[in-house]
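One structure is given here, and the rest of the page talks about it.
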Amino acid sequence: MKILGFWPRRMSGGARLFVVVMGEWAGETVGPDVWETCWELIPAGSVFAFLAEHRGALFPADMFADMYPSANGRPSMPPQILATAITLQALHGLSDFETVQELRCDLRWKAACGLGLHDMAFDPSLLAYFRRRLSRSVRPNRVFETVREVVRATGVLRGKHRRALDSTVLDDAVATQDTVTRLIAAVRAVIREVPGAAEVAAVRCTAHDYTDPGKPRIAWNDQAARETLVDALVTDALRLLGHLPEQELGEKAANAVGLLALVTGQDVEPAEDSDGRDGRWRITRGTAYDRMVSTVDPEARHVHKTRSHQQDGFKAHLAVEPETGLYTAVALTPGAGSEHHEAAVGVDLLAGEEDPVDVFGDTAYSTGEARQALDEAGHRLFLKPAPLRAAVPGGFTLDDFRIDTTTATVTCPAGHTVPLSEPGGQHQQRKAAFKDLCTGCPLRERCTKAKAGRILTIRPHHDLQAAARDQAATDPDWQADYRRWRPPVERAVAWLVQHDNRKLRYRGAIANNTWLHTRAAALNLRRLINLGLTRTGSTWTINPATT
C-alpha cells in the first residue's frame, strides 16, 4: 500500500491516534459515530442522510489521489470529508466559518461527513486550502462530474431530449473601486512587487503618500481638486512605469506592471483642451469597453444583462433539462467579451451531449454563428429570434424585402431589384444599395430617411435567421413548445442564486467557476434524492416508489 499521509485524530483523554492509509480515513471517530447512534434524528430523504449512507461511494478515496501527489502527507482531514463539506456548504450558501460551526454543532452535518459526536472538525482555512487545490487540479469540476455520472447511471434523463439555456449575473466578491482608488492601488502593487520600484517612487511620485492606507486628503466635493488629483496620479503612474529598472520580471511583478498600465489606459484620457502630449489628464467620460472594476479582482467586469440594468461581477451560464430541472452543464465567465457572450458559451455547454437535443433559449442565443454551429451538430432549435428594427418607425423591415442570396439579388416592397455586393469587411457583410431608385418612390416615407436612398446590409447566416423568424412567427407547434419548455430554466436560475448566492464569495473566474460547478452538483444531488435516488449493490438507481 502506498503511504500518502498521516491523519492525526484526538481521542478521549487527550490521546492521539495516527492512521496511515491511501484511501478513506480508517481510524476511530471522536466520540460515538453520529450516524450509527443518532440516525433516527437525521431527516429521512435529506441530503444529509444520503451522504451519511453513500458518502464513500459518491466520493471514493482514489477520486482525489491526483490532488496529493507528494508522499509527504495530506491535510489532517481526508479529502472525502472535505468534498462532502464543500458540497453541503455550496448547497446552503455558507461561509467557511459558518460551515465549520455546522460541522461542530449540527448532528446532520456530522452524520453526513462521518464525524463523531465530540469531533471539533477543523480550522476554516482548511476548506480554502482544499478548494484551492481542487480549482488548480487537472479536474477542478470533479464533484460536478461525479454527480453527472450518477445522473447518467440512473437513466433519469433517458428519453429527455430537451435542454434550456440561460445565464444570470453574479455579483463579485469585492467592492467596485473608483478611478482614484484603482490608480493608487495599482501604483502600490508595483512598488510592492517590482524590485527597485520603491526607490523610483520615492523620487518621482509626489501626488500621494503611497504608504498611507487612506485616500488623499482633498476637498472631494470640489471638481477642480479631483481633476488636479487625477492628473497628478496619472503623471506619477507614467513616471513610475517609465523609470523602472530594466530587468527580468517574475509573474507577480509583471502582472503588477501590466495592471498599472491597464488602469492608467482605461480610466483616463487627455484633458479637454489637450492633445495628449502635454501630460494633462482627466477621468474618461463614459465607460471603456471591458473595463476592470477592481484591482482586487481584475477579472470582474461591468455586466449589462439589460440596457437599463448593470451589475459588476461575472456571468453564470446554465444548460438545464427542463422537465427534471437537472443542470446538464454550467460555466462561469467574465461578464464582458465576445467569447463570453451567451451564444458562444451556449454552444460549448451543449458540446458534451451525446445525441441531438431540442435547444431552448432567448434572443441572446439566436446569433447566426450559434445557429449554424448548433444546426450542424444536429440539434433542433427553439431559439427566440431577435426582433428586426425598421429604419423608419412603423415602416419596412428586412423581411419586407425579397432577398435571394443564391442569385445575389434584393427586391424592395416597391418591386425594384438590385444586386448584392460581393462579401467584404470583417464580418463578410453584403450590401444592397437602391440609391436613385428611391427617388420619387411612393413608399419612400415608409422605407428610409436617407438622402442617398435605402441601403440594406445583409449579414452572414441571413437565410438561417430569416427562416427562424418565419418559423417563430407562423409555426404554432414551435410556439407551443417554446412557451412550455423555455420558462422552467428560470426556476433553475432561482435555485442557483437562493440563499444569498447571487453574491460570490471568492475572487477570480477560476475559483468562482469551481464554486459554480459544486453548487450545481449539490442542487443536482438534492434533486436526484427527491426523485428517489438510491444505491442497489454497486448501481445508482431511481426508486419509482418515491417519484
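Not measured: the values here are computed from a predicted model.
Here the CG-CD1 distance, from Leu229 to Ile184, works out to 6.5 Å after rounding to the nearest 0.5 Å. One finds the OG1 atom of Thr146 at 6.5 Å from the CZ atom of Phe59 (value rounded to the nearest 0.5 Å). Summarising the geometry, atom NE2 belonging to His243 is positioned 3.5 Å from atom CZ belonging to Arg204; distances are rounded to the nearest 0.5 Å. To the nearest 0.5 angstrom, Leu127 atom CG is 12.5 Å from Phe97 atom CZ. Rounded to the nearest 0.5 Å, atoms CG (Asn141) and CH2 (Trp515) are 13.0 Å apart. A distance of 11.0 Å separates SG of Cys113 from CD of Glu102, quoted to the nearest 0.5 Å.
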- Message: Test side-chain contact (heavy atoms from CB on, under 4.5 Å) on Arg163 and Leu349; report intermediate values, then the result.
- Response: CA-CA 10 Å; Arg163 300 293 183 267; Leu349 292 178; over 6 Å; no
- Query: Do His317 and Tyr327 pass the ring-ring contact (aromatic ring centres under 6.0 Å, His included) test, and can you show the C-alpha distance, the side-chain angles, and the key distance before you say yes or no?
  - Reply: CA-CA 10 Å; His317 304 265; Tyr327 303 87; over 10 Å; no
- Query: Checking side-chain hydrogen bond (donor to acceptor under 3.5 Å, both in side chains) for the pair Arg55/Gln80: CA distance, chi angles, key distance, verdict?
  - Reply: CA-CA 8 Å; Arg55 178 186 63 258; Gln80 304 97 301; over 6 Å; no
- Item | Intermediate values then yes/no, side-chain contact (heavy atoms from CB on, under 4.5 Å), Leu88 and Leu94 | CA-CA 9 Å; Leu88 290 172; Leu94 303 181; over 6 Å; no
- Message: As a quick check of understanding, evaluate side-chain contact (heavy atoms from CB on, under 4.5 Å) for Leu134 and Ile86, giving each step before the final call.
- Response: CA-CA 11 Å; Leu134 184 62; Ile86 67 168; 4.0 Å; yes
- Query: Can Asp236 and Thr206 be said to form a side-chain contact (heavy atoms from CB on, under 4.5 Å), step by step?
  - Reply: CA-CA 7 Å; Asp236 276 3; Thr206 59; 4.2 Å; yes
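Using a 4.5 Å heavy-atom threshold, the side chains of Arg371 and His461 count as separate. Side-chain contact check for Arg188 versus Thr211: every heavy-atom pair is 4.5 Å or farther apart. In this structure, Phe130 and Phe122 have side chains that are not in contact, with every pair of non-hydrogen atoms separated by 4.5 Å or more. Residues Leu326 and Val320 fail the side-chain proximity criterion, which asks for heavy atoms closer than 4.5 Å. Between Glu353 and Leu350 there is a side-chain heavy-atom pair separated by less than 4.5 Å. Residues Leu381 and Phe360 form no side-chain contact, since every pair of their non-hydrogen atoms from C-beta on lies 4.5 Å or further apart. Side-chain contact between Gln429 and Ile458 is absent, with no heavy atoms from C-beta onward closer than 4.5 Å. Contact annotation: the side chain of Asn512 never approaches that of Leu170 to less than 4.5 Å [non-hydrogen atoms, C-beta and beyond].
Closest non-hydrogen pair, Leu233 versus His208, comes out as CD2-CB, 4.1 Å. Across every non-hydrogen atom of Lys431 and Thr457, the tightest pair is NZ-OG1, 2.8 Å. Residues Trp495 and Arg519 come closest through the heavy atom pair O-NH2, 2.7 Å. Of all heavy-atom pairs spanning Thr87 and Thr518, the tightest one is CA-CG2, 4.1 Å. Of all the heavy atoms in Ala237 and Leu260, the pair that sits closest is CB-CD1, 3.8 Å. Of all non-hydrogen atoms in Pro140 and Thr514, the two that sit nearest each other are O-CG2, 3.5 Å.
Under the 4.0 Å criterion applied to side-chain N and carboxylate O atoms, Asp96 and Arg131 are assigned as salt-bridge partners. In this structure, Arg486 pairs ionically with Asp362, as a charged nitrogen and a carboxylate oxygen lie closer than 4.0 Å. A salt bridge does not link Asp66 with Arg139: every distance from a Lys NZ or Arg NE/NH1/NH2 to an Asp or Glu carboxylate oxygen is 4.0 Å or more.
Under a cut-off of 6.0 angstrom, the local environment of CD in Glu251 is sparse, with at most 12 non-hydrogen atoms contributed by other residues, nucleotides or ligands. Around the CG atom of Asp212, the shell of radius 6.0 Å holds more than 12 heavy atoms that belong to other residues, nucleotides or ligands.
Of the N and O atoms on the side chains of Ser95 and Glu98, at least one donor lies less than 3.5 Å from an acceptor on the other residue. Judged purely by distance below 3.5 Å, without hydrogens or angles, the side chains of Thr168 and Lys315 never pair a donor atom with an acceptor atom. Looking only at atom types and distance, the side chain of Tyr365 has no donor-acceptor partner in the side chain of Asp166 under 3.5 Å away. A side-chain N or O of Glu342 and one of Ser167 form a donor-acceptor pair less than 3.5 Å apart.
A donor-acceptor contact shorter than 3.5 Å is absent between the side chain of Thr363 and the backbone of Ser366. Formation of a donor-acceptor pair under 3.5 Å by the Arg133 side chain with backbone atoms of Met67 is found in this model. Counting only distance, with no hydrogens or angles, the side chain of Arg430 and the backbone of Pro460 share no donor-acceptor pair below 3.5 Å. Looking at Asp106, its side chain never comes within 3.5 Å of a backbone N or O of Leu103 through a donor-acceptor pair. Under a 3.5 Å cut-off, the side chain of Arg104 and the backbone N or O of Met120 do form a donor-acceptor pair.
Relative orientation of the His517 and Phe144 rings is perpendicular, given thresholds of 30° and 60° on the angle between their planes.
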